[in-house]
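Presented below is the structure to which this report refers.
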Amino acid sequence: MAAGYAVLLLVTVFVLFGLLYWNTAVFVHEQTEETIEVEISGLAEHYRQAGLVGLREVIDERAQGQRLSLYLLTDPARRPIAGNLNAWPVATVPGDWIDFDYRRPVGERVVEHRAHARHLVLPGGYQLLVGYDIQDQVRLERRMRISMIWIGALALVLGLGSGLVMARRWLSRIDTVNKTAGEIMQGDMSRRVPVHGTDDELDRLARNLNDMLDRIEALMTGLRQVTDNIAHDLRSPLNRLRSRLEVTLMDDPGRDIYRTALKSTMEEADHLLNTFNALLLIGEAESGLDRSKLLKVDLSDRLHDLAELYEPAAEEAGLIFSENIEDGLCVRGQPDLISQAVVNLLDNGLKYTPKDGKLEIKAYTDDMKRSCVEVSDTGPGIPPEDRVRVLDRFVRLEGSRSSPGSGLGLSLVAAVTKLHQGEIVLDDNKPGLIVRLIFPAFTEIEPALSDARGTPGKVPQK
Amino acid sequence: MSAISLDSNEQNPGSNMRILVVEDDKTAASFIAKALTEAGHVVDCAENGEDALELITDTHDVMIVDRMMPKMDGITLVETIRSDGINTPVLFLSALGKVDDRVEGLKAGGDDYLVKPFAIAELIARVEALGRRKGQPDTQTVLTCGDLEMDLIKREVHRGETRIDLQPREFKLLEYLMRNTDRVVTRTMLLEKVWDYHFDPQTNVIDVHISRLRGKIDKGFDVALLETVRGAGYRLHAPD
């Protein structure tokens with residue numbers, strides 16, 4: 001890669017310099033020829049007007065001193081008549097442009113100079129050679145050629161050097177990415193690709209890789225937690241089940257005892273399965289695995305349906321049931337999970353509110369345009385110090401242990417709210433309990449991936 | 001749902017069905033087969049999709065198909081038989097219970113979807129409901145059960161000469177019960193088919209709706225039509 005860059009740089013330098021050189025040379029050459037042409041036409045004019053004698057005079061006059069113009073006038077036999085050259089330099093044909101070397105006195109010394117000249121034949125067979133000293137030009141060209149070689153060499157060295165440095169820097173950064181990937185494959189999921197803060201392509205690559213790794217890690221942690229929790233939470237009821245069977249077998253029970261034991265075992269199994277399902281649901285909601293599948297949910301519609309489903313049961317239980325649901329509320333979410341959460345709240349209300357109490361379901365938009373669902377009862381309520389704790393799994397407060405329930409209802413509600421990036425607030429209904437679920441404002445556009453990483457459901461202390 | 005009501009069939013002779021059970025778990029299959037046999041049905045068993053393809057005939061009234069099996073899974077099996085033009089109703093059994101899984105099963109050609117674990121009573125009720133569907137198309141405009149009559153076009157219900165006013169949901173509930181006259185329907189089935197909910201409330205919400213409906217169609221009449229089947233659900237039934 002470095003060599004490629006160097007060659008490219010070199011070629012560029014040569015092309016640019018070559019163009020400059022060529023243009024300069026051509027320009028100077030044209031200047032010289034133009035000067036010569038002007039001289040020739042001037043001399044020819046003299047010859048026409050003043051004849052050979054006039055021409056000799058002019059040439060001799062012009063040839064005086066150290067001028068750069070060169071003249072030679074000869075008779076048809078090429079014997080010199082006038083001028084500052086003493087002999088015809090090379091064989092020429094009239095009309096030709098020629099280059100030749102001649103000896104020129106410079107101070108004390110005589111040096112060889114290059115000249116450019118044109119050969120002309122005057123009427124009467126006289127030969128005229130008019131030239132110009134181009135030694136300076138030759139020197140300039142030579143100097144330029146040497147410079148070109150030096151600049152080329154310099155460009156090659158610089159190009160190679162900087163190319164190598166750049167390549168090494170990029171390669172080492174890519175190597176870092178590879179190394180990080182290797183470490184992650186070895187099992188260290190916490191490794192991340194360093195970001196240099198230069199915001200170039202490699203940095204963006206690193207950032208995307210890191211974001212991807214964060215997401216994967218979060219999902220993995222979620223999954224691990226789910227399995228850990230399920231294993232932990234099911235061990236004790238399974239143990240209970242086993243103990244019951246074991247104890248039953250210890251004695252020598254009769255048919256009736258077997259029947260009773262089997263019946264309770266089956267009930268326990270049912271309970272276990274319910275718990276298992278609830279845990280799976282909580283796990284699903286907590287891990288946020290299905291966040292990609294969140295749909296537009298017509299919240300008002302769903303709540304109306306649920307209120308309609310629960311109203312008779314509430315009245316049967318001697319409660320005053322009221323629904324106060326604003327129309328047109330929407331959330332982005334999983335319809336079944338939201339319904340299940342609200343059902344859990346209504347179930348709790350039914351279970352804990354004494355006769356002649358009130359059970360109400362409300363839904364409205366708050367001043368931040370979030371959709372709020374409120375289920376309130378006039379039951380015993382939850383003391384402030386327990387309001388965070390009851391959201392944990394299997395927490396059942398004193399006084400509720402005698403009534404049926406798994407202790408998972410509110411945990412599921414909390415997990416569902418968290419999945420929807422909402423909040424769950426437990427509040428005092430004075431007397432009774434208010435559970436408020438606050439869902440983020442609905443947007444038609446699906447939330448971007450970066451927003452979907454999940455902020456934990458907040459439980460403000462009141 | 002602890003007790004299985006096995007006597008329901010005695011009151012409905014002629015409803016015996018031939019059922020193909022496709023399930024790779026042999027123990028589970030034998031339980032299902034035993035329960036269905038005791039309910040008066042004839043049961044064939046296949047261990048996987050390929051075996052089922054060889055066993056299936058026109059005489060089967062219902063198929064019970066496990067979703068996940070070796071060789072050929074349930075979805076492929078049902079897609080295959082549907083493309084062969086076999087319309088035998090299919091009840092999927094699955095350990096996969098998410099909404100998407102259910103939708104996938106129904107899309108493949110399943111008629112109902114039951115998530116494991118389930119109560120045997122639930123399974124029998126659903127299988128019998130499917131069997132009935134095969135014989136009786138949903139094209140009737142008037143449903144009857146004894147002297148109870150439902151006009152689906154006028155959306156009116158009469159018991160004898162008495163007109164009964166029902167709320168929309170009560171109408172839907174009664175319609176479902178009448179379409180399954182003489183069959184046990186479970187609370188879960190009602191929740192699914194009438195309310196379109198796929199979850200279990202922990203309280204007796206359905207029972208209360210049923211008792212309200214009962215108050216409207218049975219109260220004040222000599223014969224009660226809407227019975228509770230202990231440990232299973234409800235049944236609309238007109239005594240001979």
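Protein chains get the first letters and strands the later ones, always in sequence-line order, with residue 1 at the start of each.
- Within a 6.0 Å sphere centred on NZ of B:Lys116, heavy atoms belonging to other residues, nucleotides or ligands number more than 12.
- With a threshold of 4.5 angstrom between heavy atoms, A:Leu306 approaches chain B through its backbone and through its side chain.
- The backbone N or O of A:Leu309 lies less than 3.5 Å from a partner atom in the side chain of B:His209, making a donor-acceptor pair.
- Taking both residues in full, the closest heavy atoms of A:Ala313 and B:Val205 are given as CB-CG1, 3.8 Å, listed atom of the first, atom of the second, then distance.
- No more than 12 heavy atoms of other residues, nucleotides or ligands shown are found within 6.0 angstrom of CZ on B:Phe31.
- A:Glu316 CD to B:Asn204 CG: the interatomic distance, rounded to the nearest 0.5 Å, is 7.5 Å.
- In this structure, CD in B:Gln167 is found 8.0 Å from CD in A:Glu308, a value given to the nearest 0.5 Å.
- Looking at A:Asp336 and B:Tyr197, their side chains never come closer than 4.5 Å, going by heavy atoms from C-beta outward.
- Legend: residues meeting salt bridge (Lys or Arg N to Asp or Glu O under 4.0 Å) with B:Asp112, ordered by chain and number and at least two apart, are B:Arg126, B:Lys193.
- By the 4.0 Å N-to-carboxylate-O rule, B:Arg212 lies close enough to A:Glu315 to be salt-bridged with it.
- Other residues, nucleotides and ligands contribute at most 12 non-hydrogen atoms within 6.0 Å of the NZ atom of A:Lys358.
- Counting heavy-atom neighbours within 6.0 Å of A:Phe276 CZ, excluding the residue itself, gives a total of 12 or less.
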